[in-house]
Amino acid sequence: QVQLVESGGGLVQAGGSLRLSCAASGSIVSINAMGWYRQAPGKQRELVATITSGGSTNYVDSVKGRFTIFRDNAKNTVYLQMNSLKPEDTAVYFCKILQMDFWGKGTLVTVSS
């Protein structure tokens with residue numbers, strides 16, 4: 001079955017960086033559009049970044065210039081490089097296959113001020 005496992009979250013100071021990983025089963029990353037979402041306490045999940053099977057990317061305005069989504073098809077892994085982190089980036093970050101209702105368990109990112 002399809003499996004997505006996020007990792008790389010942690011506690012960082014504002015201005016710091018983290019790289020999140022989403023390890024997928026099979027050839028999920030290479031043949032599907034993938035996305036990173038985040039959810040802060042009491043809020044709805046927000047789409048942060050997407051990457052298509054062809055490599056096109058999109059970002060929510062609040063992270064443009066700071067976050068980068070990329071993939072390594074050989075490792076079947078999607079990454080989210082997060083730089084210049086802000087306290088408002090604090091959330092649980094989830095990996096998702098865009099065209100399916102299938103999510104990973106999430107990884108917590110906490111940014112202190």
Side-chain angles (χ1 to χ4, degrees):
Q1 287 189 326
V2 173
Q3 191 168 23
L4 303 173
V5 180
E6 301 97 334
S7 62
L11 173 63
V12 298
Q13 293 184 339
S17 297
L18 285 173
R19 179 176 291 181
L20 306 184
S21 299
C22 173
S25 59
S27 300
I28 296 299
V29 169
S30 63
I31 65 175
N32 289 281
M34 305 293 295
W36 282 98
Y37 292 70
R38 65 187 180 187
Q39 186 169 24
K43 296 186 176 181
Q44 298 294 310
R45 287 189 184 183
E46 173 189 35
L47 180 59
V48 176
T50 62
I51 184 167
T52 69
S53 59
S56 297
T57 60
N58 277 290
Y59 304 89
V60 67
D61 286 345
S62 61
V63 308
K64 287 182 178 178
R66 300 189 298 120
F67 291 10
T68 303
I69 185 171
F70 62 100
R71 68 181 181 224
D72 185 336
N73 289 340
K75 296 181 178 179
N76 207 22
T77 300
V78 175
Y79 303 90
L80 185 67
Q81 178 67 46
M82 305 186 296
N83 299 325
S84 302
L85 283 162
K86 303 175 180 179
E88 52 262 43
D89 295 319
T90 296
V92 177
Y93 284 72
F94 299 89
C95 180
K96 183 183 183 293
I97 303 170
L98 289 183
Q99 280 69 48
M100 297 176 61
D101 188 18
F102 195 89
W103 304 78
K105 299 292 186 182
T107 185
L108 176 63
V109 172
T110 303
V111 185
S112 62
S113 60

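One is the number of the first residue; the rest follow in order along the sequence.
Closest approach of Ser84 and Arg66 over heavy atoms only: O-NH1, 3.0 Å. Between Leu47 and Val60, the shortest heavy-atom contact is O-CB, 3.6 Å. Across every non-hydrogen atom of Ser30 and Ser27, the tightest pair is OG-O, 3.1 Å. Nearest approach of Ala24 to Ile28, heavy atoms of both residues: CB-CB, 3.9 Å. Leu18 approaches Gly8 most closely through the heavy-atom pair CD2-O, 3.7 Å. In plain terms, the two heavy atoms of Gly55 and Arg71 that are nearest each other are N-NH2, 3.7 Å.
The aromatic rings of Phe70 and Tyr79 sit parallel, their planes meeting at an angle under 30°, below the 60° perpendicular limit.
Linking Ile, Leu, Val, Met, Phe, Trp and Tyr whenever their side-chain heavy atoms come within less than 4.5 Å puts Ile51 and Met100 in one cluster. Put simply, Leu85 and Tyr59 are part of the same group of oily side chains (I, L, V, M, F, W, Y) that touch within less than 4.5 Å, one to the next. Each of Val92 and Leu11 belongs to its own hydrophobic cluster when Ile, Leu, Val, Met, Phe, Trp and Tyr are linked at side-chain heavy-atom distances under 4.5 angstrom. Put simply, Val2 and Met34 are part of the same group of oily side chains (I, L, V, M, F, W, Y) that touch within less than 4.5 Å, one to the next.
Atom CD of Gln81 sits about 12.0 Å away from atom CD1 of Ile69, to the nearest 0.5 Å. Taking CZ of Phe102 as the reference point, atom CG of Asn32 lies at 11.5 Å (rounded to 0.5 Å). Between the OG1 atom in Thr50 and the CG atom in Asn58 there is a gap of 4.5 Å [rounded to 0.5 Å]. One distance of note links CD of Gln13 with OG of Ser113; it measures 9.5 Å at 0.5 Å rounding. The OH atom of Tyr93 sits 5.0 Å away from the CE atom of Met82 when rounded to the nearest 0.5 Å. In this structure, the separation between SG on Cys22 and CG on Leu80 is 10.5 Å, given to the nearest 0.5 Å.
Between the side chain of Glu6 and the backbone N or O of Thr107 there is no donor-acceptor pair closer than 3.5 Å. Between the side chain of Gln39 and the main chain of Ala91, no donor-acceptor pair closer than 3.5 Å is present. Side chain of Asn76 to backbone of Ser25: a donor-acceptor contact under 3.5 angstrom is found.
Arg38 is not listed as a side-chain neighbour of Val109, based on a closest heavy-atom distance of 4.5 Å or more. Ser53 places none of its side-chain heavy atoms less than 4.5 Å from the side chain of Ile31.
Looking at Val29, Ile97, Val78 one by one, the single match for side-chain contact (heavy atoms from CB on, under 4.5 Å) with Leu4 turns out to be Ile97.
Between Asp61 and Lys64 there is a salt bridge, with a side-chain nitrogen of the basic residue lying less than 4.0 Å from a carboxylate oxygen of the acidic one.
Separation of the Phe67 and Trp36 ring centroids does not fall under the 6.0 Å cut-off.
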